[in-house]
Amino acid sequence: MVQGKKALVTGSTSGIGLCIATTLARQGADVIINGFGDAEGALKHFQQCAGKGLYFSADLRYPSEIEALLQFVHSELGGIDILVNNAGIQHVSPIESFPPEQWDDILAVNLSAAFHTMRLAIPRLKSSNWGRIVNIASVHGLVASVNKSAYVASKHGLVGLTKTVALELATTCITANAICPGWVRTDLVQKQIDAKANSESLGVEQAAQKLLAEKQPSLQFTTPEQIAELVLFLCSPAADNIRGSTFNLDGGWTAQ
Ligand code: NAD
């Protein structure tokens, strides 16, 4: 299905993004990964799984670095077929004490970066006559939680942006959709579990179970593999006419 396709997965040095990138690569796609943290370790893991792979370190807060990233994709792969906007960051605080610079960074990475990657990638996707855009939003693109003003605003924005782009591309061979996971146990959520364990004097596993019990009726974390499999499905011919949709992988969170 994705054999020989050219893909960019942003924020793919850990968690969900790394799993999506390796899943696409194992199925034969040429993938470029991006992100911070242990980039060297991530690339090594990726290359071990995929047999090949390239990394570019753009900081997605800055449009000029996003332009350089897309330029790198085009020069290394000769085009792009699959764009997965996955990079995302979180900060938890009431709005009165929410640091303005955190607001700016979250909006830049979670929302504006997807605008820039899409505006730059779509002309190339059009020229290859087939394309998939998958934006990793969140249940917080559909419902809110306290103390997550920037995250919720950015993810609601990303869902709206996805719908708009899907409509603009509706008569082309390029689809755009959003995936909305509930809790997935990655670094981003582990920080919230650790904070909860500290603030409520709980063990880490107790805090994880409490976090699930508050929101996710299945009481199970969604896994990166489940999200990656959905990305693969969205790249299949069966998904040709799925456009501007949101897919909740949230253990029943938004059904309540
Ligand atoms: P993660 O922290 O493991 O991964 C985030 C990735 O984004 C990392 O590769 C990181 O280096 C990269 N990144 C952060 N800032 C960046 C920047 N300025 N420029 C480039 N890359 C940057 O977290 P994750 O849980 O795997 O999150 C992936 C996506 O899934 C995010 O968009 C997140 O909002 C979304 N999501 C996660 C959950 C969850 O429960 N973990 C739930 C719903 C949605």
Side-chain angles (χ1 to χ4, degrees), residues 2-91 101-102 104-106 108-114 116-117 120-121 124 134-136 138 151 179 181 183-195 204 221-229 231-232 235:
V2 298
Q3 180 72 40
K5 299 292 188 198
K6 299 154 187 164
L8 167 64
V9 183
T10 68
S12 41
T13 47
S14 65
I16 297 166
L18 184 54
C19 186
I20 294 170
T22 51
T23 301
L24 288 172
R26 279 197 190 105
Q27 297 294 321
D30 290 320
V31 186
I32 286 181
I33 67 168
N34 148 265
F36 296 155
D38 181 14
E40 209 174 302
L43 183 60
K44 210 169 151 194
H45 167 79
F46 178 70
Q47 287 172 336
Q48 270 165 3
C49 297
K52 56 184 173 179
L54 290 168
Y55 165 79
F56 193 84
S57 73
D59 184 335
L60 300 179
R61 290 175 300 175
Y62 305 112
S64 60
E65 297 205 17
I66 298 171
E67 283 174 20
L69 171 62
L70 269 292
Q71 198 48 50
F72 180 80
V73 172
H74 296 146
S75 60
E76 292 297 327
L77 302 184
I80 183 167
D81 303 299
I82 301 168
L83 169 64
V84 181
N85 285 304
N86 167 81
I89 51 175
Q90 172 68 287
H91 181 80
E101 58 280 7
Q102 288 280 0
D104 288 343
D105 283 354
I106 291 171
V109 176
N110 296 11
L111 177 57
S112 298
H116 290 296
T117 56
L120 294 164
R124 302 276 180 158
V134 183
N135 292 329
I136 307 302
S138 165
Y151 191 82
I179 295 179
W183 294 124
V184 185
R185 199 161 183 179
T186 61
D187 292 352
L188 185 139
V189 161
Q190 191 58 47
K191 283 181 201 145
Q192 295 173 61
I193 294 171
D194 293 343
V204 172
F221 288 99
T222 300
T223 65
E225 289 75 14
Q226 290 163 347
I227 296 167
E229 287 297 322
V231 173
L232 268 187
C235 292

| Gap between atom CD1 of Ile32 and atom CG of Leu69 - 0.5 Å precision | 7.5 Å
| Contact list for residues 2-14, test side-chain hydrogen bond (donor to acceptor under 3.5 Å, both in side chains), sequence neighbours left out | none
| request: Check Gln192 against Leu188 and note the closest heavy-atom contact, atom names and distance. | output: NE2-O, 3.3 Å
| query | What residues, two or more places apart in sequence or in another chain, satisfy side chain to side chain donor-acceptor pair (under 3.5 Å) together with Asp104? | reply | none
| said: Applying side-chain contact (heavy atoms from CB on, under 4.5 Å) to Ile80 and His74, what does each step give before you reach the verdict? | reply: CA-CA 7 Å; Ile80 183 167; His74 296 146; 3.9 Å; yes
| remark: CG (Leu18) and CG (Leu43) are apart, to the nearest 0.5 Å, by 10.0 Å
| task | Begin from the C-alpha positions of His45 and Thr22 and carry the test side-chain contact (heavy atoms from CB on, under 4.5 Å) through to its verdict. | result | CA-CA 9 Å; His45 167 79; Thr22 51; 4.2 Å; yes
| field | Validation row: Ile20, Ile136 side chains within 4.5 angstrom (heavy atoms) | value | yes
| Do you know which two heavy atoms are closest between Phe36 and Ala58, and how far apart they sit? | CE2-O, 4.1 Å
| said: Can you tell me which residue among Ile179, Leu8, Ile16, Val231 is in a side chain to side chain contact (heavy atoms under 4.5 Å, CB included) with Asn86? | reply: Ile16
| remark: Of all heavy-atom pairs linking Val109 and Ala113, the shortest is O-CB, 3.5 Å
| request: May I have the step-by-step check of side-chain contact (heavy atoms from CB on, under 4.5 Å) for Ile33 and Val9, ending in yes or no? | output: CA-CA 6 Å; Ile33 67 168; Val9 183; 5.5 Å; no
| Backbone N/O of Gly11 and side chain of Asn34: donor-acceptor pair under 3.5 Å | yes
| task | State, yes or no, whether a side-chain contact exists between Glu76 and Asp30 at a heavy-atom distance under 4.5 Å. | result | no
| With sequence neighbours excluded, residues passing salt bridge (charged side-chain N to carboxylate O under 4.0 Å, His left out) with Arg124 | none
| Counting only N and O atoms by type, is there a donor-acceptor contact under 3.5 Å from the side chain of Gln27 to the main-chain atoms of Val2? | no
| task | For atom CD of Glu40, decide whether the heavy atoms of other residues, nucleotides or ligands shown that lie under 6.0 angstrom number more than 12. | result | no
| request: Please round to the nearest 0.5 Å and tell me the distance separating atom OG1 of Thr23 and atom CD1 of Ile227. | output: 10.5 Å
| field | Spatial distance of atom CZ (Phe56) from atom CD (Glu65) [nearest 0.5 Å] | value | 7.5 Å
| task | Can you measure from CG (Asn110) to CG (Asn85) and round to the nearest 0.5 angstrom? | result | 10.5 Å
| request: Could you give me the CA-CA distance, side-chain angles and deciding distance for Thr117 and Ile66, then say whether side-chain contact (heavy atoms from CB on, under 4.5 Å) is met? | output: CA-CA 7 Å; Thr117 56; Ile66 298 171; 3.7 Å; yes
| So, does Tyr55 use its side chain to make a donor-acceptor pair with the main chain of Gly35 at under 3.5 Å? | yes
| request: Search all heavy atoms of Gln90 against all heavy atoms of Ile106 and return the closest pair with its distance. | output: C-CD1, 3.9 Å
| task | Hey, could you give me the OG/CH2 distance between Ser138 and Trp183, rounded to the nearest 0.5 Å? | result | 8.5 Å
| query | Which atom pair, heavy atoms only, marks the closest approach of Ala121 to Leu70? | reply | CB-CD1, 4.1 Å
| note | Closest non-hydrogen contact found for Cys235 with Ile82 is SG-CD1, 3.9 Å
